[in-house]
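Note sheet for the following structure.
Protein chains get the first letters and strands the later ones, always in sequence-line order, with residue 1 at the start of each. Excluded from the calculations below are hydrogen atoms, water molecules and symmetry mates; all remaining heavy atoms, backbone and side chain alike, are included. The structure presented is a predicted model; accordingly, all values stated were derived computationally and were not measured.
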There are 2 protein chains.
Amino acid sequence: MTDAFSYPHPALAVDLVMLCVQGGALHVVLMQRADGAEMGGDWALPGGFVHRDTAPEDTVARVLAEKTGLHGIHFEQLATYGALGRDPRGHVVSIAYIAIAEAEALSVGVVANDTLTLARVHVGWSGEAGGVATAQTADGTLLPLAFDHADILGDMVKRLRGKLDYTTIGFEFLPPRFTLRAAQDVHEAILNQSLTKPAFRRKLLDRHPLRATGARETGGAYRPAELYEVDPEGGQ
Amino acid sequence: MTDAFSYPHPALAVDLVMLCVQGGALHVVLMQRADGAEMGGDWALPGGFVHRDTAPEDTVARVLAEKTGLHGIHFEQLATYGALGRDPRGHVVSIAYIAIAEAEALSVGVVANDTLTLARVHVGWSGEAGGVATAQTADGTLLPLAFDHADILGDMVKRLRGKLDYTTIGFEFLPPRFTLRAAQDVHEAILNQSLTKPAFRRKLLDRHPLRATGARETGGAYRPAELYEVDPEGGQ
DNA sequence: TCAAAAGTGTTGATACTACACCCATGG
DNA sequence: CCATGGGTGTAGTATCAACACTTTTGA
C-alpha cells in the first residue's frame with residue numbers, strides 16, 4: 001500500500017476515438033504506425049501516455065493539440081482497456097475517450113499531419129459486444145487496426161448510439177447553429193439507418209433543449225431551412 | 001513512446017462498489033481506514049493496486065477474495081477516476097468496478113473481516129452529476145467517505161439505475177431462482193421508489209429473458225409464489 | 001371461512017409512426 | 001409556374017400505467 005509507486009505498475013495511456021460526420025457517413029481519425037507489422041496492423045487510434053502528476057483529461061487535451069492542433073474539442077471518457085497482451089510493448093492500460101468535432105474542423109487537423117487520415121467507419125448492429133468495427137478509405141480500402149483498437153472503436157460507436165437519445169452529445173458534430181436536416185444526417189450516419197423526417201423532427205425537439213433562432217440557412221438552393229441552437233438552460 | 005515504463009507514471013488501482021439489497025434497501029460494503037484523518041473520511045471503498053502484468057479484472061478478483069473471501073461474484077467496469085489530488089498519497093488513477101451479490105453471500109464476507117461493514121446507501125434523483133451519495137449504518141449514523149468515493153458511489157448507483165431496464169444486471173442481486181416479488185423489491189431498493197405490481201411484472205417479463213420454472217417458493221405463509229430463472233438463451 | 005399475498009384482465013391515456021399535405025424559394 | 005426540399009397536420013397503432021378483480025394458500 002504505502003510503497004505503491006516503488007513496485008512496478010502498468011503504464012497508463014489514453015486513446016482517442018475522434019469522430020465526425022462527413023458525406024452522410026461516420027468517420028474516425030486514424031494514425032499510421034511505422035511499426036505496424038508487430039502491432040497487428042498499420043493503423044491505430046491516436047493516443048499518448050499519461051505522465052505522473054498529469055490528469056488523464058489533460059493528457060487528452062495534449063494529444064489533441066499535438067496530433068491535430070485542435071483545442072476545445074468536446075470529449076468524454078467511456079471505458080478503460082487493460083487486458084494483458086493488448087500492447088506488445090508491455091503492460092499498457094489505456095483509457096479510451098470519444099472526441100467529437102465538426103468535419104470541417106477535424107479535416108484541418110488531419111491534412112496538417114501526414115500520418116493522420118480520416119477513415120469511414122462501419123459498425124454492425126447485431127451482437128452486443130464490440131469488435132465488429134471496420135475502417136476504410138474513400139476508395140473502399142480496408143484499413144487494418146492495430147492493438148485492440150477495432151474493439152475500442154466498436155464499443156465507442158455503440159455507446160454513442162445509445163447516448164444519442166438522452167444526451168446532447170449528437171450536437172457536438174454540428175456547428176453552434178444548424179438545421180434540423182443536418183441533425184438528421186448526423187443521427188442517420190451514426191445509427192447507419194434512415195429515419196423519417198416528421199418523426200425525427202418532433203422527437204428531437206421535445207427530447208432536447210433546442211431553440212429556433214429565427215435565422216435561416218444561406219447559400220443553398222430552394223427553400224432555406226431555419227437554424228436551431230442548443231439552449232444551455234435545458235429548456236427550464 | 002519507447003521509454004514509457006522508465007518515466008514516472010501514475011499508480012493504477014481498482015475500487016470496488018460491492019452492492020446488495022437487504023431489508024428493502026441498497027447496501028454497499030465499506031472498509032474502515034486507520035488513516036481516515038488525512039484521507040478526508042474514515043470509510044472507503046475496498047480497493048487495491050494493479051501490479052504490472054496483472055490484468056485489472058484479475059486485480060478485482062484478488063481484492064474480492066482478499067477482503068471478503070468471495071469468488072465468482074459478478075462485476076463490471078464502469079468508469080475511471082484520475083483527477084490530481086483525489087488521493088493524498090500521490091497520483092493514483094483508479095478504475096471503479098461495480099460488484100453485485102446476494103445479501104446473504106456478501107454478509108458472510110463482511111462479518112469475517114473486522115474492518116468491513118455493510119452500509120445503507122442513499123442516492124438522490126435530481127442532479128445528473130454524481131456526488132450526492134451518502135452511506136449510513138443501521139442506526140442511522142452517517143459514515144464519512146474518504147477520497148472521491150462519495151462521487152464514485154453516486155455515479156455507480158446512477159449507472160446501475162439506467163442499466164436495470166435494458167440489461168439483466170438486476171438479477172445478480174438475486175439467487176438463481178427467485179420470485180417476481182423479490183425482483184420488484186430489488187428494483188424498488190435501487191430506484192428508491194415504489195412500483196405498481198402489475199406494471200412491474202409485465203415489463204420485467206417482456207423486457208428480460210425470464211422463464212417460469214414451475215417450482216414454488218417454500219416456507220412462507222399464505223400463497224407461495226412461483227420461482228423464475230433467467231433464460232441464458234435470451235428467449236430466442 | 002378469513003386474511004394476506006399471488007397473479008390477471010380491462011380500460012384510459014400517452015407516445016410513436018406513417019402518410020399526406022402545404023409552404024417557400026430558385027430557376 | 002414548376003421542381004425541390006423545408007415544415008406541419010392527422011389518424012391509426014402500439015405501448016404503458018393504474019385500477020379492480022380473481023386465485024391460492026395457511027391459519
Specify the separation, in whole Å, of atom CG of A/L204 and atom P of C/dC16.
-> 13 Å
Donor-acceptor pair (no angle test) under 3.5 Å: B/R223 side chain, C/dA6 base = yes
With B/Q136 via side-chain contact (heavy atoms from CB on, under 4.5 Å) - residues at least two apart = B/R120, B/L142
Whole Å only: how far is the CZ atom of A/R216 from the C1' atom of C/dT25?
-> 11 Å
Show each protein N/O and nucleotides 14-16 of chain D N/O combination with a separation under 3.5 Å, one pair to a line.
{"unit_1": "D/dC16", "atom_1": "OP1", "unit_2": "B/R207", "atom_2": "NH1", "d": "3.4"}

Is the closest side-chain heavy-atom distance between A/H208 and A/F171 below 4.5 Å?
-> yes
Would you mind reporting whether B/F178 and B/L210 have side-chain heavy atoms less than 4.5 Å apart?
-> yes
From CA spacing to verdict: salt bridge (charged side-chain N to carboxylate O under 4.0 Å, His left out), A/D206, A/R202 | CA-CA 6 Å; A/D206 64 47; A/R202 277 189 273 258; over 6 Å; no
Taking the side chain of A/Y222 as its heavy atoms from C-beta onward, which of D/dT4, C/dA3, C/dG7 lies nearest to it?
-> D/dT4
Starting from P on C/dG7, measure out to CD on B/E226 and report it in whole angstrom.
-> 6 Å
Residues from residues 189-201 of chain A sitting under 4.0 Å of DNA chain C, heavy atoms only?
-> A/T196, A/P198
Could you tell me the separation between the CD atom of B/E217 and the P atom of C/dA5, rounded to a whole number of Å?
-> 12 Å
Is A/R181 salt-bridged to A/D185, cutoff N-O under 4.0 Å?
-> yes
When you match B/R181 and B/R202 each to their closest nucleotide on DNA chain C, which lands nearer the 5' end?
-> B/R181
Tell me, which pairs form a side-chain hydrogen bond (donor to acceptor under 3.5 Å, both in side chains) where one or both residues lie in residues 188-201 of chain A, sequence neighbours left out?
-> A/Q184-A/E188
Separation of C/dA6 C1' from B/F178 CZ (nearest whole Å) = 16 Å
By side-chain contact (heavy atoms from CB on, under 4.5 Å), A/L70 pairs with (sequence neighbours left out) A/T68, A/I73, A/L106
Round to the nearest Å and state the distance from A/L180 atom CG to C/dC23 atom P.
-> 20 Å
Tell me, which pairs form a side-chain hydrogen bond (donor to acceptor under 3.5 Å, both in side chains) where one or both residues lie in residues 164-179 of chain B, sequence neighbours left out?
-> B/R177-B/E229
Can A/Y81 and A/D155 be counted as having a side-chain donor-acceptor contact under 3.5 angstrom?
-> yes
B/Q184 CD - C/dA6 C1' separation (whole Å) | 12 Å
